[in-house]
Every structure is written in C-alpha cells, then in structure tokens.
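Starting from 1, each residue takes its place in the sequence as its number. Note: hydrogens, waters and symmetry copies are ignored here, and every other heavy atom, side chains too, is used.
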Amino acid sequence: MCGIVGYIGVKEATPVLLKGLKKLEYRGYDSAGIAVLGGGGLEVCKAKGALKNLEEKVSALTSGAPASQAGFPEAQFSGTMGIGHTRWATHGEPSDINSHPHTDVSGKIAVVHNGIIENHGKIKEWLSGRGVSFRSETDTEVIAHLINYYYSGDILAAVQEALKRLEGSYALGIICENDRDHIIAVRKESPLVIGRGRGENLIASDVPALLAYTRDVYYLDDREIAVLSRDDVAFYNEDGERIRKTLSHVDWDAAAAEKGGYEHFMLKEINEQPKALTDTLRPRIIRDGQLSLRSVNLTEIGFDASWAEAKRVVICACGTAWHAAMVGKYAFEHFARIPSDAEIASEYRYRNPISSPRDICIIISQSGETADTLAALRLAKKNGGRIIAITNVVGSTLAREADLVMYTWAGPEIAVASTKAFTTQLMCVYLIALQTGFLRGHLDQEELDRHIAALEQIPAQAETVLAGKEAIQRFASLCFNKSKVFFIGRLFDYAASLESALKLKEISYTHSEAFAAGELKHGPIALADESTLVTALCTQEALFEKMDSNIKEVKARKASTSVITYDDVHHFDRSADTVFRIPRTPDCFTPMLSVIPCQLYAYYCSVLRGNDPDKPRNLAKSVTVE
Ligand code: F6R
C-alpha cells in the first residue's frame, strides 16, 4: 500500500527519491510522483503506472525536452530536498492527477499521504465554501489545502492546526516552498520511519528505502510529528511539546533486501525458509538438567507461567497470517488443551466479542502494520486481554502496542505474497503452544524434548522439499492453465490448504479454493469436472482412508488429482495422478513443509502465465487501510 519517501540533505534529491520509491515498489502501487524543492521552486512530477513512467517523465524534463511533449512546464528537478510517493488507489482511479504529491492552491505546499482521511468529504465541502477548488478525486488533496488555510509563515504550526481537523489514518510527508530547511513528517495508524544520516535525513514507509543511506532509524508513534532538517530531527507530541525519541539500529543490511541472483524476490524468499526457520527456532531452545533435555525458552520475550494460566487463546490476523492463526488454534488445542479461536481480524474488530481478562490474544502480522489487525489488537486490549504479538518487523506498531513480542526472524519479506513469514509464524505459534502445554502439565519434559527435536529437523527437511523443485516446475508446466484448482485437507492439512489456495490465486490469478475435505460432499464437489485440479494434502495419518475416499470421489468426476504426503507413504499411489513427497515429521508440524511445494507451484504458475509474482495485480504488501 502507498509508499512514502522524503529526503533533505546535500545530495540531489531526485535520484534519492526515485531510488527510494523503487525499494517500496513491493508494497503495491498504480502511480507515482515526486516533489522537489530547489532553484526552480517547488516542482512536481507525477505519472500513472509503473515507476519507470515517472522516471522517463522526470528525465525528459531534466534533459530539457520541450514542455509540450512532456506535458509539464519547464523544470529542472534539481534541489536537495523533496518528497516522493507510490500510490495504491483508494479514492479516485489511478491517474496522473490523482497521484501524489498533492499541492495546495498556491502550489507552494506539497503533501504525500498513506492512509485514508475519513472526513475528507466534510473538509472538502468546508474548503469549497471558502473558495478552494479541487483538482483530484483524492482524500489527500484536502490536506494540502487545509495546511495552506492555516499557513501564515510557520509550516509546522499550520500542519499542527490542520491535523486537529483530520480523522482517519495517515502517514504524511510535507514540504513548503517558503521553508527550504525542513520536511514535516507525521503519522497516525500508518507506518513511517525516519532515517538519521550525516548531514542528511530521510523519511520512508519502510526501512528498505533508507538502507542505502543509513541504518539508524527513529520509529514515529501515533500522532507524533518529526521536523527534519539537514543536521537534525526534532520530535513533537500531539500537544506540540518537544519530545525525545530513541534511535534504533537496523541490523539487516541492504543486501538482505536485494534479489541475490534469484529471478524474483518470491523465489528467493521461498528458498530462504530453511534459514529463516532456523533463525526463528534456535534462539528459543535451550538444553536443561542432567539429561540435557530440550526446553522452550521464551523468557527473552517475557512469557512466564502466568501466561499459561489463560482460560482461552484468541489468535487474530488477516490473510496468510490468519492461516498461521488456524494452525495455532489446532496447536493450542493439541498441545495445551486450551480452548482456542482463530479470528479474522476484520471480522473480530466489528463483532462484540465475548472476552475476559483471562484471555490471551495472539496477534500475528508480518508487517505489524495491517490496519484491521491493529484494530483487533486494540479491541482485545480494551477488553482486558493480554497481548502477544508475532511479527517480522522490529519497531512496527504491533510490536510497540503488544505486551509481549515474539519476532519471526525471517528477514525482510519483499514479495507481496507471503512465504517465509508464514512458515516462521508457524514456528512461533508452535513454540508458544508447546511451552503453554508444558507449563499447564499436558506435556512432560520428555514429550517436550521429542517435539522440539522434531522442530529442529524442520529446516533441513524444508531444504529437502526445496531440492525437489524441478518436479513441481514440471508439474506446473502441465497444469498452469487449469481453470479451477482446489486444495483439500483435514485438520492441520486444512489450514495448509487454505494458505496454498491463497498463494495460487493471488499470484497466478487462477480460481483456487481450499475445502475441508469432509465438506466436499456438502456442496463443492458439484464444481468438479475435467477442468479441475484437486490437490489433496494428506499428512494426518489417522485420516488417510478418509482422504483416499475424497480423492476417488473427485477423480470419478474427471478431476485431475495430486497428493502431498510423506515420503514413506504409498497409500495414495493408486488413487492420485501425481504424488509429491515431504519428509516425515509429526502430523501436527506438517504445514511448515507441505506448504512449500504449494508455494513453488503458485510461483511457477504465475511465471508461466506471464505474471509478475512479486507484484501481483491489485494487491499491496502492507494493508494499512481498511
Ligand atoms: C498473502 C499475504 C496477505 C497478508 C495479509 C496480512 O500472501 O501476504 O494475505 O498475509 O495482508 O498481512 P500482515 O501479515 O502484514 O498483517
């Protein structure tokens, strides 16, 4: 979802902004723009479509192409401060006019915005009544005019006044032609990071856009304002008081956010899963006592026996992270015998959920910035629940608002479709569920040791699954044009099926669905015909016979069938057309392995269909608005 960059320093701002926007492309966008403040005053260039359209437009302007050809007045885009934006359309179609930055009537104030101004209609009416005419259909444009309305020589004061009128969510970057020494940055419920450099400072929606310049960052909290000059960053709270913020250091380097020789980020991230799983698991395991048995060590995150006394576990998330929540629900019931629910955050936030202060609420989010997920967190907190966050982004809003934070050490996930974040989220929920089961007395030390030993095998087993990628690629080359693909499974396999179907639909645009296999007969089987591929995830040993029947049922309706099962199981060799194998692990841990062939299958189908798997249409990496 929209990306913001801003630069103030000694370098030419235009290339810094364009480079920064490139690093934010993964968030999803449909137009882009920059505003640069230099000798030519405030200059704005915007273009619908891919970033290269903007680059070409800027380059035409800077190389002195005739104004009529470029469609802009002559401008040089030379200056040492500016703001940039990639827009993911919410209000108004993708177009040059609707792209950001938006300027006020005088053309002296430029604003980039991520989020939604919920009361923009009212403000627009109010401003229109005062003679302001609007150029775009966006909610953002009202901000530029509103700031101008309050401007009388002090841009910070004008922004502070304007903010009092805004309802909704926003991360903002603001520059003013009359103030060549400051960029104003604000956030409320949308991410914004401040990069602290030497003689230069930056703003960005996400860290990868800053890494070429600095790894020292400040995370803005809601309603805080940052005023960036070349040598300093000053912070203010919503009452306008100066506040101090702590500088954080980002450990991962720029290379971690590069493709590293892979054709796409998604393929790189699928292949990084063994390492990501190891990094997420290893620091949480210790060996104790005379027998040197393994234990889960969650003291670093503050998880003690009081957490295990919970009456109920509610796990809230969206999309892929909700599928991790489903696995979590099964894992908590299985290991800890504790009532558990997996809740879709966008539903939960609008229900009137029955909750008690003895609930623990686990909120899962790769980005830690998903609007619905954060709303669910706040509701659970208001209802007295204690919150554990599972997130991949250090310093994210989720990490800051939760009581405990367990990080997935997956490294930056750039591809829009989540892969390594998912499997590491699973690793985290398993660890918390195991530890809860142990603390509640449902697992003894030896059982715990055995389960952890199985978890320790997972990274190497994931490597084995990845080594079989050519078979998946071949399979994809035969089936990528199937018009319907169903994933079926039971229990843990059902949760993995949900994730597999989502992956396929989001990047290959194939109509794919997941069904609890027992539900087939209750409706979905009506869809099965020769154009259907049914992939059955079969790793729940006690239910092999049931799955075999389901496979035969869809086969009898002429569907093609494939199965994912253990490497030593031959139960499905006769019923399925194709069998893919994963190494043995306890049935409850299989989603971490069985999802990998499905991720690869989705990836290859996407490429074979001519799509960009990293940037699927209509999707954004971080869904920071509802
Ligand atoms: C799918 C995907 C999305 C996200 C969802 C939640 O591949 O990535 O479904 O899982 O938008 O995002 P986070 O985890 O950042 O809260």
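- Residues in residues 442-451 take part in these salt bridge (charged side-chain N to carboxylate O under 4.0 Å, His left out) pairs, two or more places apart or across chains: Arg294-Asp449.
- With contacts defined as side-chain heavy-atom distances shorter than 4.5 Å, the pair Gln540/Thr590 qualifies.
- Between the side chains of Asn114 and Thr624, a donor-acceptor pair is found at a separation under 3.5 Å.
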For the pair Asp216 and Lys245, evaluate salt bridge (Lys or Arg N to Asp or Glu O under 4.0 Å) and give the outcome as yes or no after the intermediate values. CA-CA 12 Å; Asp216 292 329; Lys245 303 268 311 168; over 6 Å; no
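- Residue Arg337 places its CZ atom among 12 or fewer non-hydrogen atoms of other residues, nucleotides or ligands, all under 6.0 Å distant.
- Between Pro208 and Ile414, some side-chain heavy-atom pair lies under the 4.5 Å cut-off.
- Separation of atoms CD (Glu456) and CG (Leu277) is listed at 12.5 Å; rounding is to 0.5 Å.
- Here the rule is side chain to side chain contact (heavy atoms under 4.5 Å, CB included) with Ile363, and of Ile315, Val405, Ile390, Thr373 only Thr373 fits it.
- Taking the six-membered ring for Trp and thresholds of 30 and 60 degrees, Phe515 and Phe486 have ring planes more than 60 degrees apart, a perpendicular arrangement.
- Among all heavy-atom pairs drawn from Pro591 and Phe492, the shortest one is CG-O, 3.7 Å.
- Among the candidates Ile432, Leu434, Leu439, the single residue satisfying the side chain to side chain contact (heavy atoms under 4.5 Å, CB included) test with Leu298 is Ile432.
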Hey, mind stepping through Glu499 and Leu426 against side chain to side chain contact (heavy atoms under 4.5 Å, CB included) and telling me if it holds? CA-CA 12 Å; Glu499 174 57 9; Leu426 297 186; over 6 Å; no
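- Taking the ring centroids of Phe475 and Phe580, they lie under the 6.0 Å cut-off.
- The number of heavy-atom neighbours closer than 6.0 Å to CZ of Arg282, taken from other residues, nucleotides and ligands shown, is 12 or below.
- Within the structure, every pair that satisfies the ring pair (Phe, Tyr, Trp, His ring centres under 6.0 Å) test and touches residues 371-414, not counting sequence neighbours, is listed here: Tyr407-Trp409.
- Rounded to the nearest 0.5 Å, atoms CE (Met547) and CZ (Arg490) are 6.5 Å apart.
- Here His571 pairs with Phe544 under the ring pair (Phe, Tyr, Trp, His ring centres under 6.0 Å) rule; sequence neighbours left out.
- For Ser575, the side-chain contact (heavy atoms from CB on, under 4.5 Å) test picks out Asp548, Ile551, Lys552, Phe572, with sequence neighbours left out.
- Separating the CG atom in Asp341 from the CD atom in Glu333 is a distance of 8.0 Å, to the nearest 0.5 Å.
- What you find for Ser500 and Leu537 is that their closest heavy atoms are OG-CD2, 4.4 Å.
- Between the side chains of Thr391 and Ser365, not a single donor N or O lies within less than 3.5 Å of an accepting N or O.
- Not counting sequence neighbours, Glu347 has no partner by the side-chain hydrogen bond (donor to acceptor under 3.5 Å, both in side chains) test.
- For Thr578 and Arg474, the side-chain atoms include no donor-acceptor pair closer than 3.5 Å.
- Inspection of the Lys420 and Thr408 side chains reveals no N or O donor paired with an N or O acceptor under 3.5 Å.
- One side chain, Thr423 or Gln273, offers a donor N or O that lies under 3.5 Å from an acceptor on the other.
- Annotation: side chain of Arg215 is in contact with side chain of Leu211 (closest heavy-atom distance under 4.5 Å).
- Between Tyr601 and Ala476 the shortest heavy-atom distance is CE1-CA, 3.7 Å.
- Evaluation of the salt bridge (charged side-chain N to carboxylate O under 4.0 Å, His left out) test over residues 354-371, restricted to residues two or more places apart or in two chains, returns Arg312-Asp359.
- Residues that satisfy the side-chain contact (heavy atoms from CB on, under 4.5 Å) test with Ala371, not counting sequence neighbours, are absent from this structure.
- Residues Trp322 and Leu502 are not in side-chain contact: their nearest non-hydrogen atoms beyond the backbone lie 4.5 Å or more apart.
- Here the side chains of Thr436 and Phe303 are in contact, with some heavy-atom distance below 4.5 Å.
- The two residues Leu533 and Cys479 come nearest to each other via the heavy atoms CD2-CB, 4.2 Å.
- Every residue two or more places apart in sequence or in another chain that forms a side-chain hydrogen bond (donor to acceptor under 3.5 Å, both in side chains) with Asn383 is listed here: Ser355.
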Any chance you could lay out the side chain to side chain contact (heavy atoms under 4.5 Å, CB included) test for Leu448 and Leu293, step after step, and finish with the verdict? CA-CA 9 Å; Leu448 183 65; Leu293 296 178; over 6 Å; no
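- Partners of Ala433 according to the side-chain contact (heavy atoms from CB on, under 4.5 Å) rule, which considers only residues two or more places apart in sequence or in another chain, are Ala331, Phe332, Phe335.
- Side-chain contact between Arg196 and Val233: present, with at least one pair of heavy atoms (C-beta onward) separated by less than 4.5 Å.
- Distance check, rounded to the nearest 0.5 Å: OG of Ser396 to OH of Tyr219 gives 8.5 Å.
- Side-chain contact, Ser418 with Thr320: no donor N or O sits under 3.5 Å from an acceptor N or O.
- Here the closest heavy-atom approach between residue Tyr603 and residue Ile270 is recorded as CB-CD1, 4.2 Å.
- Sorted by first and then second residue, the ring pair (Phe, Tyr, Trp, His ring centres under 6.0 Å) pairs involving residues 417-443 (not counting sequence neighbours) are Tyr430-Phe589.
- At least one side-chain heavy atom of Val569 sits under 4.5 Å from a side-chain heavy atom of Arg584.
- You'll find the side chain of Glu413 stays beyond 4.5 Å of the side chain of Ser367, heavy atoms only.
- For the atom pair Gln457 CD and Thr464 OG1, the distance stands at 9.5 Å (nearest 0.5 Å).
- Shown here are the side-chain hydrogen bond (donor to acceptor under 3.5 Å, both in side chains) partners of Tyr566, two or more places apart in sequence or in another chain: Asp587.
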Mind running side chain to side chain contact (heavy atoms under 4.5 Å, CB included) on Leu600 and Leu267 for me, showing each step along the way? CA-CA 8 Å; Leu600 286 166; Leu267 189 58; 4.1 Å; yes
I would like to know whether His264 and Asp612 meet side chain to side chain contact (heavy atoms under 4.5 Å, CB included); could you show each step before the answer? CA-CA 8 Å; His264 295 102; Asp612 179 349; 4.0 Å; yes
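- Among residue pairs with one or both ends in residues 372-387, those qualifying as salt bridge (charged side-chain N to carboxylate O under 4.0 Å, His left out) are Asp222-Arg378, Arg349-Asp372, Arg378-Glu401; sequence neighbours excluded.
- Annotation for Ser295 and Ile452: closest pair C-CD1, 3.6 Å, computed over non-hydrogen atoms.
- Atom-to-atom distance recorded for Ile596:CD1 and Glu463:CD is 9.0 Å, nearest 0.5 angstrom.
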